[in-house]
Amino acid sequence: MNIKNKKFIILLLTLCLLSFVLIGCTNNETAPKTPLSKSNYMLGTYITISLYDSQNEKIIDEAFLRIRDIENKMSINAEEPSQITHLNEASGSNSVELSEDTFHVLERGLYYSKLTDGKFDITIGPIVKLWNIGTEYAAVPDDEVLKEKLKLVDYNKLSLNKGNLTAKLEMEGMMVDLGAIAKGYAADEVASILRKNGVKHAIINLGGNILVVGNNINGAPWKIGIQDPYNSRNEYLGIVEVVDKTVVTSGIYERYLEVDGKRYHHILDPATGYPADNGLAAVSIITDKSIDGDGLSTSTFLLGLEKGLELIENTEDTEAIFVTTDKKIYLTSGIRNTFILTNKEYTVMD
Ligand code: ADP
Ligand code: MG
């Protein structure tokens with residue numbers, strides 16, 4: 001090969017590399033045109049809404065108002081007590097009236113608790129509070145205290161009454177925590193506001209929970225980067241192509257506490273009270289509704305590789321990417337032909 005050819009190939013390779021880096025720089029998505037984009041810190045995360053076929057800021061403002069509304073109703077960390085705070089405070093004594101949306105999210109939370117036989121448990125609140133991961137008070141709890149608090153984790157003792165939209169926690173000290181599912185619901189609500197306003201091409205990014213509206217402005221599928229759990233935010237290990245879908249990831253990288261070189265992440269196993277430690281580093285779910293993507297990503301992370309894969313293979317219109325701590329990637333059958341691996345430190349398994 002002559003020098004000229006060599007230079008040309010190097011230039012070509014550099015350009016290829018650059019184009020992938022660019023995808024990573026735009027929050028994991030390829031942007032064919034500058035969108036109208038706004039960000040806000042809500043639900044404990046940075047949220048960005050990008051419209052590609054509208055310059056109407058009012059649509060985004062309406063969407064953020066709706067997210068704030070969801071946060072006010074469902075968060076247990078907000079300054080003002082939410083409906084969930086009231087429910088938790090009334091544990092062991094009386095039932096509490098809820099809004100339709102809070103009831104719906106609670107109902108889905110209970111659904112995933114039952115589906116996973118309590119690996120996902122919507123009443124994990126007392127354990128989450130004990131660890132405080134993601135806050136300045138995060139600490140490894142005392143083992144005895146942890147064991148005591150585990151007695152308060154039991155989704156069977158959450159009763160829902162659909163007729164009058166009320167809920168009750170049967171034991172005093174019980175706490176619901178919607179952290180594993182509320183962001184997904186918020187993404188769905190934003191999507192419906194955008195669609196109602198005629199938006200056909202948009203990306204909603206709730207701290208890595210992604211929902212795409214339509215296809216991209218060029219008529220091609222959106223390319224979404226799958227977060228590399230061993231690299232900083234916005235480094236991705238592969239790409240999926242999606243239209244009108246949500247891509248939701250749960251993993252060890254999102255929030256964690258490090259003590260004596262050991263990392264404690266925020267997805268807690270109700271069997272032990274400690275972070276799930278089953279060889280998984282992350283799970284990404286690709287499906288239609290973000291509330292289900294969110295519920296399933298946390299659920300499958302807790303179920304582990306084998307049971308998690310089985311669950312997703314048996315769930316319609318849903319695919320998953322499992323990443324193990326030894327950097328192997330397992331794909332469900334529906335995306336084996338379309339997933340693009342970009343980080344060669346990982347191996348896609350058969
Ligand atoms: P992220 O919030 O990073 O998107 P997840 O959707 O996986 O990640 O949710 C993790 C959150 O879910 C935790 O911060 C906590 O509030 C809650 N959680 C932790 N363990 C469980 C569990 N076993 N069942 C249900 N919710 C859990
Ligand atoms: Mg989740």
Side-chain angles (χ1 to χ4, degrees), residues 42-47 71 74-78 82 84 88 105-106 108-135 138 141 146 149-150 152-156 158 174-188 204-211 227 229 233 246-257 264-278 280-287 289-304 308 311-312 318 320 322-323:
M42 290 180 185
L43 290 170
T45 195
Y46 278 100
I47 300 179
E71 181 176 44
M74 305 180 202
S75 167
I76 46 172
N77 303 313
S82 69
I84 296 298
N88 292 344
V105 176
L106 212 47
R108 284 317 272 171
L110 199 53
Y111 170 80
Y112 285 108
S113 306
K114 287 178 183 159
L115 187 71
T116 59
D117 227 353
K119 276 280 177 195
F120 181 106
D121 193 320
I122 206 68
T123 67
I124 193 82
I127 308 299
V128 174
K129 269 273 178 298
L130 213 52
W131 281 89
N132 267 314
I133 291 173
T135 77
L146 200 56
K149 292 278 181 196
L150 272 177
L152 296 169
V153 179
D154 185 357
Y155 66 93
N156 291 305
L158 165 67
M174 283 182 80
M175 283 176 81
V176 158
D177 178 330
L178 297 178
I181 193 165
K183 271 192 288 188
Y185 177 68
D188 292 331
I204 303 155
N205 185 344
L206 285 88
N209 271 33
I210 290 168
L211 190 154
Q227 171 71 38
R233 287 207 77 85
T246 187
V247 183
V248 183
T249 303
S250 284
I252 54 172
Y253 61 90
E254 186 71 32
R255 284 163 213 261
Y256 58 85
L257 155 74
Y264 299 90
H265 63 78
H266 70 145
I267 304 170
L268 304 164
D269 184 348
T272 62
Y274 285 87
D277 185 13
N278 55 18
L280 283 180
V283 184
S284 298
I285 303 288
I286 302 152
T287 191
K289 282 173 115 189
S290 209
I291 190 168
D292 295 320
D294 207 357
L296 284 170
S297 67
T298 314
S299 290
T300 47
F301 189 94
L302 284 153
L303 283 173
L311 171 61
I312 301 304
T318 304
F322 288 77
V323 184

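Quantities reported herein were computed from a predicted structural model and do not represent experimental measurements. Counting convention: from 1, in listed order, for ligands and their atoms alike.
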**Asked** Mind checking whether Ser297 has a heavy atom under 4.0 Å from ligand 1?
**Response** no

**Prompt:** According to the interplanar angle, ranging from 0 to 90°, do the rings of Tyr274 and Trp131 count as parallel (below 30°), tilted (30 to 60°) or perpendicular (above 60°)?
**Reply:** perpendicular

**Message:** Would you compute the distance between atom CD1 of Ile133 and atom CG of Leu268 and round it to the nearest 0.5 angstrom?
**Reply:** 5.5 Å

**Asked** Out of Val283, Thr287, Thr300, which one pairs with Ile312 under the side-chain contact (heavy atoms from CB on, under 4.5 Å) rule?
**Response** Thr300

**Message:** Against Asn88, only a single residue in Ile76, Thr123, Asp177 fulfils side-chain contact (heavy atoms from CB on, under 4.5 Å); can you say which?
**Reply:** Ile76

**Item:** the Mg ion (ligand 2) - closest N/O/S atom in Asp294
**Value:** OD1

For [atom], what is the nearest protein heavy atom, given as residue, atom name and distance?
atom	answer
atom 6 (O) of ligand 1	Asp294 OD1, 2.9 Å
atom 3 (O) of ligand 1	Glu254 CG, 2.9 Å
atom 7 (O) of ligand 1	Ser250 OG, 2.6 Å
atom 10 (C) of ligand 1	His266 CE1, 3.4 Å
atom 9 (O) of ligand 1	Ala180 CA, 3.4 Å
atom 27 (C) of ligand 1	Ile124 CG2, 3.5 Å

**Item:** Heavy-atom side-chain proximity of Ser250 to Ile267 below 4.5 angstrom
**Value:** yes

**Asked** So do the side chains of Leu303 and Phe120 get within less than 4.5 Å of each other, counting heavy atoms only?
**Response** no

**Item:** Distance-only N or O hit between ligand 1 and Leu268, under 3.5 Å
**Value:** yes

**Request:** Could you tell me whether the side chain of Ser113 and the main chain of Ile122 form a donor-acceptor pair under 3.5 Å?
**Result:** yes

**From CA spacing to verdict: side chain to side chain contact (heavy atoms under 4.5 Å, CB included), Ile84, Leu178** = CA-CA 9 Å; Ile84 296 298; Leu178 297 178; 3.8 Å; yes

With a heavy-atom distance limit of 4.0 Å, tell me whether [X] approaches ligand 1 through its side chain, its backbone, both, or neither.
X	result
Ile127	neither
Asp121	backbone
Pro270	side chain
Lys183	side chain

**Request:** Count the heavy atoms belonging to other residues, nucleotides or ligands that lie under 6.0 Å from CG of Asp117, then report whether that count exceeds 12.
**Result:** no

**Request:** Taking only Lys NZ, Arg NE, NH1 and NH2, and the carboxylate oxygens of Asp or Glu, determine whether Asp292 and Arg108 approach each other closer than 4.0 Å.
**Result:** yes

**Request:** Pull out every atom of ligand 1 sitting under 4.0 Å from any heavy atom of Thr298, numbered as shown with elements.
**Result:** 5 (P), 6 (O), 7 (O), 9 (O)

**Metal check, the Mg ion (ligand 2) vs Ala180 N/O/S, cut-off below 2.8 Å** = yes

**Asked** Taking both backbone and side chain into account, is any N, O or S atom of Ser250 nearer than 2.8 Å to the Mg ion (ligand 2)?
**Response** no

